[in-house]
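We name chains A, B, ... by the order of the sequence lines, and we start the count at 1 in each one.
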Amino acid sequence: MDYKDLANLIFPDAKPISYYEEKYAKRNLKEGAIVTRFAPSPTGFVHLGSLYQVAIAKKLAKQTDGVLFLRIEDTDQKREVENGVIGIIKSLEDFGLTPDEGMIDEVNEKGDYGPYKQSLRKDIYQAYAKHLLEQGKAYPCFATTEELEEMREKQEKAKIRPGYYGVWAKYRNLSVEEAAEKIKNGEEYIVRLKSPGNEEKRIKHHDLIKGNVDFPENDQDIVIIKADGLPTYHFAHAVDDHLMQTTHVIRGDEWLSSIPIHLQLFQMLEFKAPKYAHIAPIMKEDDGGKRKLSKRKDPEAAVSYYTDEGIPKEAVIEYLLNIANSNFESWRKANPNASLDDFELQISKMSVSGALFDIVKILDISKTVISKYTAEQIYDEAMKWAKVYDKELEQMLENKEYALKVFGIERGNAKPRKDISKWSDVKANIIYMYDDKFDGIDEKYDYQKVQDKETIEKIVKLYIEKYYNENDDKQTWFDKIKDLAEEIGYAREVKEWKKEPEKWPGHVGDVSTVLRVALTRRSNTPDMYEIMQVLGKDSIKARFEKALKAL
RNA sequence: GGCCCCUUGGUCAAGUGGUUAAGACAUCGCCCUUUCACGGCGGAGACAUGGGUUCGAGUCCCGUAGGGGUCACCA
């Protein structure tokens with residue numbers, strides 16, 4: 001009896017690997033095209049860090065006319081979540097990062113290198129495991145969980161390196177006959193790699209981001225096929241990325257320390273190893289220290305947070321590119337209106353250590369992004385968001401013609417307003433432009449500098465009775481407020497007042513603030529002339545009367 | 001604990017042995033402005049630490065401290 005017989009006993013039905021090697025055609029891509037992947041577990045949850053990876057992967061694939069595919073790593077059936085795949089695909093779509101091939105919903109996929117769901121590739125992994133068994137590069141291990149635990153305790157007590165290696169690899173040197181005997185007796189087993197590594201020797205690795213690193217060789221006999229017949233991550237990674245012809249593995253740097261295992265696996269399978277880029281995680285400040293953004297503790301770790309808040313996807317991606325390549329910033333400055341697709345990402349410029357997540361910065365980017373939108377775009381996006389998250393806002397926006405006027409205030413000019421950083425800001429920003437909402441809210445009027453009722457009353461009354469004319473153009477309107485200021489003994493010009501402030505009780509700015517507050521109950525609004533144009537005569541009069549009554 | 005990686009203003013960061021150590025966000029001040037926002041100008045603010053190497057160190061080497069990652073039949 002030899003290795004071949006043992007392999008046949010373990011995986012009697014597995015096909016020879018030549019079947020798979022021939023089944024998948026070589027990808028027809030131009031020189032230098034990057035084939036990469038996003039390979040999540042189907043938990044439905046997409047972490048900001050994952051989005052970061054995908055954004056980078058997608059960009060690199062696109063830049064090189066390569067391919068990004070989505071592979072679902074569902075080899076841990078305990079972690080299975082219902083509709084997890086859909087959740088991931090939906091999130092990617094929300095951010096404009098739909099992969100070129102791979103799963104497209106829970107069961108369907110596109111692309112010629114599938115299945116793209118690992119649980120459906122069981123026979124493939126077993127074929128390659130069999131191939132290793134045939135060569136004596138892998139072996140069945142009969143150690144029970146208890147046995148392994150006991151071993152670990154012993155190792156820890158003796159302060160030696162824990163694990164299944166060297167003399168501790170109890171079943172490594174079992175004869176083929178002994179192993180076959182146990183299998184025939186129905187003993188449970190898993191398949192381990194017979195590691196040729198030596199802890200004393202070093203293995204060199206050049207990482208696209210981390211640079212040159214070296215590690216001790218792997219000498220652990222890692223599990224490649226689990227008791228349920230499915231592969232471990234390591235084994236699946238080697239087999240899949242070989243067959244799917246991945247050229248670049250872009251993943252979180254928590255994987256960096258698995259490099260010795262992965263390189264060894266590729267070598268033993270006689271596969272060409274892909275290039276690796278290990279991305280530093282996005283961190284969060286915590287008690288003065290840093291830690292990874294946490295799914296449990298930080299709402300902003302979930303990409304759904306950004307859709308919920310109404311932060312536009314371009315803003316999120318732009319922020320991530322900002323972290324990824326520091327030259328992005330100067331590129332953006334030079335090309336303020338260019339599409340993100342035009343930015344060339346350089347993986348070698350990525351930071352080696354993790355950046356602290358900065359919500360203030362992302363909102364700043366978002367503000368700028370939104371400021372470039374047209375009123376129509378703002379309307380569409382705000383409406384889309386409102387339909388899901390804010391019924392009241394949706395109802396406010398139903399009158400599209402009016403809403404467009406409101407969003408059009410001070411928009412489209414050279415220095416657009418930057419007052420909306422997310423769709424969830426919209427309501428608070430425009431609510432005073434809606435008469436029914438304005439009447440419904442029982443807030444106080446705060447007239448800022450002018451506080452005595454008589455003056456306020458005088459300003460408002462004079463304005464409605466004498467100065468206001470809905471047909472005035474902006475200059476006339478403006479001059480009339482100056483006239484009003486003069487009439488009540490205030491300075492016409494702020495500059496003059498500043499020169500001799502003791503000469504007047506206040507200036508035209510104070511007067512218009514009174515009007516502004518009477519009109520909107522706010523001291524900070526966009527251009528008052530435009531607001532008045534949108535509100536219209538009736539509303540303006542009603543508002544001034546209401547303000548007078550409230551005095 | 002072993003192994004691996006990292007450390008420049010509050011934050012993101014440029015930096016490849018000689019720089020007045022960029023820039024952005026945040027912050028403060030001034031200007032513009034009838035408010036706010038925008039914009040413009042300016043201020044404050046950093047090479048973790050101790051040794052080396054060198055004419056010269058943020059940059060190279062060693063140590064220390066701090067931070068992060070990883071050590072599963074999870075990915």
Exercise. Under 4.0 angstrom, heavy atoms only, what part of the nucleic acid is A/Ser523 near: base, sugar-phosphate, or nothing?
Worked result: base
For this session: Report which part of the nucleic acid A/Asp214 touches: base, sugar-phosphate, or nothing (heavy-atom distance under 4.0 Å, all strands).
Result: sugar-phosphate
Exercise. Could you go step by step and tell me if A/Tyr139 and A/Tyr171 meet the ring pair (Phe, Tyr, Trp, His ring centres under 6.0 Å) rule?
Worked result: CA-CA 8 Å; A/Tyr139 62 94; A/Tyr171 296 96; 8.3 Å; no
Exercise. When the P atoms of B/A65 and B/U54 are considered, how many whole Å apart are they?
Worked result: 28 Å
For this session: Using a heavy-atom cut-off of under 4.0 Å over every strand shown, decide if A/Pro281 touches base, sugar-phosphate, or nothing.
Result: nothing
Exercise. Got a sec: does the CD of A/Glu188 have more than 12 other heavy atoms crowding it under 6.0 Å?
Worked result: no
Problem set entry | Among A/His237, A/His242, A/His234, the one residue meeting ring pair (Phe, Tyr, Trp, His ring centres under 6.0 Å) with A/Phe266 | A/His237
Problem set entry | Ring-face cation of A/Lys182 near A/Phe142 (centre distance under 6.0 Å, axis angle within 45°) | yes
For this session: Check every strand shown and say whether A/Lys418 touches a base, only sugar-phosphate, or nothing at a heavy-atom separation below 4.0 Å.
Result: sugar-phosphate
Exercise. Less than 4.0 Å between a side-chain N and a carboxylate O, is that true for A/Lys466 and A/Asp483?
Worked result: no
Problem set entry | Integer angstrom distance from the C1' of B/G10 to that of B/A26 | 8 Å
For this session: Pick base, sugar-phosphate or nothing for A/Ala143, based on heavy-atom distances below 4.0 Å to the nucleic acid.
Result: base
For this session: Please indicate whether A/Lys372 has more than 12 foreign heavy atoms, meaning atoms of other residues, nucleotides or ligands, lying under 6.0 Å from its NZ.
Result: yes
Exercise. Parallel, tilted or perpendicular for A/Tyr447 and A/Tyr445, by the 30°/60° rule?
Worked result: parallel
Problem set entry | Quiz item: cation-pi between A/Arg543 and A/Phe438, 6.0 Å / 45° | yes
Exercise. How would you label the contact of A/Glu329 with the nucleic acid (heavy atoms, under 4.0 Å): base, sugar-phosphate, or nothing?
Worked result: base
Seminar exercise, completed: Outermost contacting nts on RNA chain B, any atom under 4.0 Å from chain A heavy atoms, listed 5' then 3', are B/C3 to B/A75
Exercise. Can we call the ring centroids of A/Tyr319 and A/Tyr52 under 6.0 Å apart?
Worked result: no
Exercise. NA contact type, A/Ala355, heavy-atom cut-off 4.0 Å: base, sugar-phosphate, or nothing?
Worked result: sugar-phosphate
Problem set entry | Salt-bridge contact A/Lys474-A/Glu530 (side-chain N to carboxylate O under 4.0 Å) | no
Exercise. Under 4.0 angstrom, heavy atoms only, what part of the nucleic acid is A/Arg417 near: base, sugar-phosphate, or nothing?
Worked result: base
Problem set entry | Toward the 5' end of RNA chain B, by each residue's nearest nucleotide, A/Leu256 or A/Lys498 | A/Leu256
Problem set entry | Whole-angstrom distance between B/A13 and B/A75, as gauged at atom C1' | 32 Å
Problem set entry | Nucleotide-level pairing of RNA chain B, given in dot-bracket where Watson-Crick and G-U pairs need both distances under 3.5 Å and | marks other strands | (((((((..(((.....[....))).(((((.......)))))....(((((..]....))))))))))))....
Exercise. C1' atom, B/G45 versus B/C32: distance in rounded Å?
Worked result: 27 Å
For this session: Would you mind classifying the nucleic acid contact of A/Ile481 as base, sugar-phosphate or nothing, using non-hydrogen atoms under 4.0 angstrom?
Result: nothing
Problem set entry | B/U49 versus B/G58 - spacing of their C1' atoms, nearest Å | 14 Å
Problem set entry | Rounded distance in Å between the C1' positions of B/U59 and B/U16 | 7 Å
Problem set entry | Which residue lies more 5' along RNA chain B, comparing A/Phe215 with A/Cys141 via nearest heavy atoms | A/Phe215
For this session: Could you tell me whether A/Arg251 contacts a base, only the sugar-phosphate backbone, or nothing, with contacts defined as non-hydrogen atoms closer than 4.0 Å?
Result: nothing
Exercise. Mind checking the C1' distance from B/C25 to B/A44? Whole angstroms is fine.
Worked result: 16 Å
For this session: Have a look at A/Ser351 and say if it touches a base, only the backbone sugar-phosphate, or nothing, with a 4.0 Å heavy-atom cut-off.
Result: sugar-phosphate
For this session: Rounded to whole angstrom, note down the C1' distance from B/G23 over to B/U64.
Result: 33 Å
Exercise. With a non-hydrogen cut-off below 4.0 angstrom, is A/Ser371 in contact with a base, only sugar-phosphate, or nothing?
Worked result: nothing
For this session: Under 4.0 Å between any heavy atoms, over every strand shown, what does A/Arg202 touch: base, sugar-phosphate, or nothing? Just pick one.
Result: sugar-phosphate
Problem set entry | Sidechain N-carboxylate O distance under 4.0 Å for A/Asp298, A/Arg291 | yes
For this session: Indicate, with a heavy-atom threshold strictly under 4.0 Å, whether A/Ser41 touches base, sugar-phosphate, or nothing.
Result: sugar-phosphate
